[in-house]
Amino acid sequence: MSEPAPKPVTASTRLAAVWGSPIRHSASPAMHNTAFAALGLDWRYLACEVAPERLATALEGARVMGFCGVNLTVPHKRLALEMMDELDASARAWGAVNTVVFEAENAEGVWTPVGLLRNIQGPVRMRGYNTDADAIVRSLNEDLHIEPRGARVLLIGAGGAGRAAALRLADEGVATLWLQNRTESKAEELAAEIAERFPAVDVRTGLPDTDVEIILNATSSGLKPEDPLPIDLGAYPLSRADAVYDMIYRPAETPLLRQALESGCRTANGLGMLLYQGAAAFELWTHRPAPIDVMRAALVREVYGSGESR
Ligand SMILES: NC(=O)c1ccc[n+]([C@@H]2O[C@H](COP(=O)([O-])OP(=O)(O)OC[C@H]3O[C@@H](n4cnc5c(N)ncnc54)[C@H](OP(=O)(O)O)[C@@H]3O)[C@@H](O)[C@H]2O)c1
């Protein structure tokens with residue numbers, strides 16, 4: 001069956017976007033634009049290269065241009081915390097913003113997503129959410145059948161996504177969580193926060209001294225072909241893990257995932273996480289149920305070039 005054609009762009013077309021640096025790998029435009037067309041919504045989703053020093057300016061631009069929503073990716077999720085007018089409980093709890101909802105007051109004076117308003121009058125405010133944290137737990141569950149409670153987990157990366165995942169997994173009740181990051185001080189800060197907020201979790205920094213159920217890559221190392229592996233395999237062989245999850249989804253098979261397969265691990269890339277964080281953002285902006293199957297199919301086509309996911 002052919003896809004519904006998108007509505008033509010007009011002066012009333014609603015806008016959303018993802019901003020990051022680098023951004024050209026993003027599959028979010030394909031996922032969201034297909035979903036908008038499937039629901040007959042006059043919306044478009046763009047991807048823009050935005051350098052971190054320009055993030056505040058870009059957000060102000062989107063605010064005054066009537067954007068409905070923005071997703072933030074590498075390296076903006078932590079920076080944006082300071083730039084929001086309001087933080088949703090999810091952004092406060094998981095310490096990073098990946099979804100911005102622009103809001104204005106409706107006729108009754110209630111703050112309402114701009115995407116639901118016919119006219120925007122008065123000030124527009126930015127409310128920051130985190131939809132990554134729930135998405136990673138759901139994807140681990142669906143894609144690798146991993147139940148975090150009681151698990152031993154090695155998480156590599158302590159940026160916006162790594163931080164959200166670490167806190168969310170601690171909240172799920174992992175038994176032992178090892179945090180490893182290129183800049184060690186960030187892993188140590190995160191470990192200290194987890195120790196305080198989730199005292200039942202045994203949190204450590206560095207590499208495990210035992211086997212683990214899962215290794216999660218939450219670094220951006222692997223996005224570019226010349227990137228090094230995010231883990232020193234001499235110090236911790238992948239065969240010590242049952243499964244390896246890479247939040248990167250393009251390339252669909254990173255060198256880390258290839259090595260993991262060769263080491264006999266179950267593997268998954270970040271496509272499921274992208275799907276569920278995107279579906280939650282879609283619902284926050286439009287207040288319409290996200291067409292999950294349509295979005296998944298669009299992502300699979302975009303990333304694998306066919307209906308096959310492997
Ligand atoms: N699938 C999804 O839906 C999804 C969602 C969120 C994020 N992601 C992916 O997750 C990754 C991290 O995103 P983010 O938003 O957390 O980015 P970020 O805030 O910029 O953090 C980047 C992380 O990667 C580490 N890093 C960068 N280059 C490295 C290298 N060459 N070797 C080792 N570590 C390196 C950084 O370490 P330092 O602290 O030392 O700089 C930091 O921990 C990205 O690849 C992103 O695409 C995917």
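Both counts, for ligands and for their atoms, begin at 1 and track the order of listing. Both backbone and side-chain heavy atoms feed into the values below; hydrogens, waters and symmetry mates do not.
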*Asks:* Can you list the ligand 1 atoms lying under 4.0 Å from a non-hydrogen atom of P75?
*Replies:*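 The atoms of ligand 1 under 4.0 Å from a heavy atom of P75 are 20 (O).
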*Asks:* Is there a side-chain contact between I248 and N217, using heavy atoms and a 4.5 Å cut-off?
*Replies:*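 Side-chain contact under 4.5 Å: yes.
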*Asks:* Does the side chain of E213 reach to within under 4.5 Å of the side chain of V153, using non-hydrogen atoms?
*Replies:*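 Result no, sub-4.5 Å side-chain heavy-atom pair not found.
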*Asks:* Any N/O of Y249 closer than 3.5 Å to an N/O of ligand 1?
*Replies:*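 No - when backbone and side-chain N and O of Y249 are compared with those of ligand 1, no distance drops under 3.5 Å.
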*Asks:* Please compare L72, T219, L299, L155 and report which has the shortest non-hydrogen distance to atom 25 (C) of ligand 1.
*Replies:*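 It is T219 whose heavy atom sits nearest to atom 25 (C) of ligand 1.
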*Asks:* Who's closest to atom 9 (C) of ligand 1 heavy-atom-wise, of M247, R163, R250?
*Replies:*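 Comparing heavy atoms across M247, R163, R250, the nearest one to atom 9 (C) of ligand 1 lies in M247.
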*Asks:* Would you please classify the geometry between the H32 ring and the Y45 ring as parallel, tilted or perpendicular, with 30° and 60° separating the classes?
*Replies:*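 Ring orientation of Y45 relative to H32: parallel.
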*Asks:* Could you tell me whether D85 and R127 have a side-chain N and a carboxylate O separated by less than 4.0 Å?
*Replies:*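 Salt bridge: no.
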*Asks:* Just heavy atoms, cut-off under 4.0 Å: does P230 contact ligand 1 by side chain, backbone, both, or neither?
*Replies:*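 No part of P230 comes within reach of ligand 1.
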*Asks:* Among residues at least two apart in sequence or on other chains, which ones pass salt bridge (Lys or Arg N to Asp or Glu O under 4.0 Å) with E60?
*Replies:*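 Residues passing salt bridge (Lys or Arg N to Asp or Glu O under 4.0 Å) with E60: R63.
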*Asks:* Quick check for you: to the nearest 0.5 Å, what is the distance between T131 atom OG1 and E283 atom CD?
*Replies:*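 Interatomic distance, T131 OG1 to E283 CD, rounded to 0.5 Å: 10.5 Å.
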*Asks:* Output the distance between atom CG (L179) and atom CD (E184), rounded to the nearest 0.5 Å.
*Replies:*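 L179 atom CG to E184 atom CD measures 12.0 Å (nearest 0.5 Å).
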*Asks:* Taking CZ in R54 as the centre, count heavy atoms belonging to other residues, nucleotides or ligands within less than 6.0 Å. Is the count above 12?
*Replies:*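 No, the 6.0 Å shell around CZ holds no more than 12 heavy atoms from other groups.
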*Asks:* How far is atom 27 (C) of ligand 1 from its nearest protein heavy atom, and which residue and atom name does that atom have?
*Replies:*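 In this structure, atom 27 (C) of ligand 1 has S220 OG, 3.2 Å as its nearest protein heavy atom.
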*Asks:* Among Q180, H25, K77, R182, which residue places a heavy atom closest to atom 33 (C) of ligand 1?
*Replies:*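 The residue whose heavy atom sits nearest atom 33 (C) of ligand 1 is R182.
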*Asks:* For ligand 1, find out whether one of its N or O atoms is nearer than 3.5 Å to an N or O atom of G270.
*Replies:*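 It does: an N or O of G270 is found under 3.5 Å from an N or O of ligand 1.
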*Asks:* So for ligand 1, is T73 a polar contact partner (N or O within less than 3.5 Å, distance only)?
*Replies:*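 In fact, backbone or side chain, T73 has no N or O that close.
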*Asks:* Give me the residue, atom name and distance of the protein heavy atom closest to atom 40 (O) of ligand 1.
*Replies:*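 For atom 40 (O) of ligand 1, the nearest protein heavy atom is T183 OG1, 2.5 Å.
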*Asks:* Any heavy atom of D132 sitting closer than 4.0 Å to ligand 1?
*Replies:*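 Per 4.0 Å heavy-atom rule, D132 contacts ligand 1.
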*Asks:* Below 4.0 Å, non-hydrogen atoms only: which portion of A218 touches ligand 1? Side chain, backbone, both or neither.
*Replies:*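 Just the backbone.
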*Asks:* Which of the numbered atoms in ligand 1 are under 4.0 angstrom from any heavy atom belonging to G157?
*Replies:*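 In order of numbering, the contacting atoms are 43 (O).
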*Asks:* State the atoms of ligand 1, each with its element, that fall below the 4.0 Å cut-off from a heavy-atom position in G160.
*Replies:*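 It comes down to these atoms of ligand 1: 16 (O), 19 (O).
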*Asks:* Is any side-chain N of the basic residue among R138 and E142 closer than 4.0 Å to the acidic one's carboxylate O?
*Replies:*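 Judged by the 4.0 Å cut-off on N to carboxylate O distance, R138 and E142 do form a salt bridge.
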*Asks:* Show which atoms of ligand 1 fall inside a sub-4.0 Å distance from at least one heavy-atom site of A161.
*Replies:*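 Ligand 1 atoms under the 4.0 Å threshold to A161: 6 (C), 7 (C), 13 (O), 14 (P), 15 (O), 16 (O).
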*Asks:* Check whether any N or O atom of L274, backbone or side chain, sits under 3.5 Å from an N or O atom of ligand 1, and answer yes or no.
*Replies:*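 Right, the criterion is met.
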*Asks:* Counting non-hydrogen protein atoms only, what is the nearest one to atom 5 (C) of ligand 1? Give residue, atom name and distance.
*Replies:*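 Of the protein heavy atoms, M273 CE, 3.5 Å lies nearest.
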*Asks:* Where on I248 is there a heavy atom closer than 4.0 Å to ligand 1, on the side chain, on the backbone, on both, or on neither?
*Replies:*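 Near ligand 1, I248 shows its side chain, while the N, CA, C and O stay back.
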*Asks:* Is atom CD of E82 surrounded by more than 12 heavy atoms (other residues, nucleotides or ligands) closer than 6.0 Å?
*Replies:*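 No, the 6.0 Å shell around CD holds no more than 12 heavy atoms from other groups.
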*Asks:* Do I194 and L167 come close enough that some side-chain heavy atom pair is under 4.5 Å?
*Replies:*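 A side-chain contact under 4.5 Å exists here.
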*Asks:* In Å, rounded to the nearest 0.5 Å, how long is the span from OG of S26 to CD of E302?
*Replies:*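 Rounded to the nearest 0.5 Å, the OG-CD separation comes out at 8.5 Å.
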*Asks:* Relative to the heavy atoms of K186, which atoms of ligand 1 are at a distance of less than 4.0 Å?
*Replies:*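 Near K186, the atoms of ligand 1 are 38 (P), 39 (O), 41 (O).
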*Asks:* Are any of the N/O atoms on A158, whether in the backbone or the side chain, positioned under 3.5 angstrom from an N/O atom of ligand 1?
*Replies:*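 Among all N and O atoms of A158, at least one is under 3.5 Å from an N or O of ligand 1.
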*Asks:* Distance under 4.0 Å to a non-hydrogen atom of S221: what atoms of ligand 1 satisfy this?
*Replies:*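 Atoms satisfying the 4.0 Å criterion: 29 (C), 30 (C), 31 (N), 32 (N).
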*Asks:* For residues N106 and L116, determine if any side-chain heavy atom of one lies less than 4.5 Å from a side-chain heavy atom of the other.
*Replies:*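 No, too far: nothing below the 4.5 Å cut-off.
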*Asks:* With atoms numbered from 1 as shown, which atoms in ligand 1 lie under 4.0 angstrom from a non-hydrogen atom of G159?
*Replies:*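 Numbered from 1, ligand 1 contributes 16 (O), 19 (O), 21 (O), 42 (C), 43 (O).
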*Asks:* Please classify the N181 to ligand 1 contact at 4.0 Å (heavy-atom distances, strictly less than): side chain, backbone, both or neither.
*Replies:*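 It is the side chain that gets close, since no backbone atom is under 4.0 Å.
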*Asks:* Per the side chain to side chain contact (heavy atoms under 4.5 Å, CB included) rule, which among V70, N71, V114 passes with W285?
*Replies:*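 So, applying the side chain to side chain contact (heavy atoms under 4.5 Å, CB included) to W285 and each of V70, N71, V114, only N71 qualifies.
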*Asks:* Check each atom of ligand 1 against the heavy atoms of V74 and keep those under 4.0 Å away; list them by number with element.
*Replies:*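 Once the distances to V74 are compared, the set is 13 (O), 15 (O), 17 (O), 20 (O), 44 (C), 46 (C), 47 (O).
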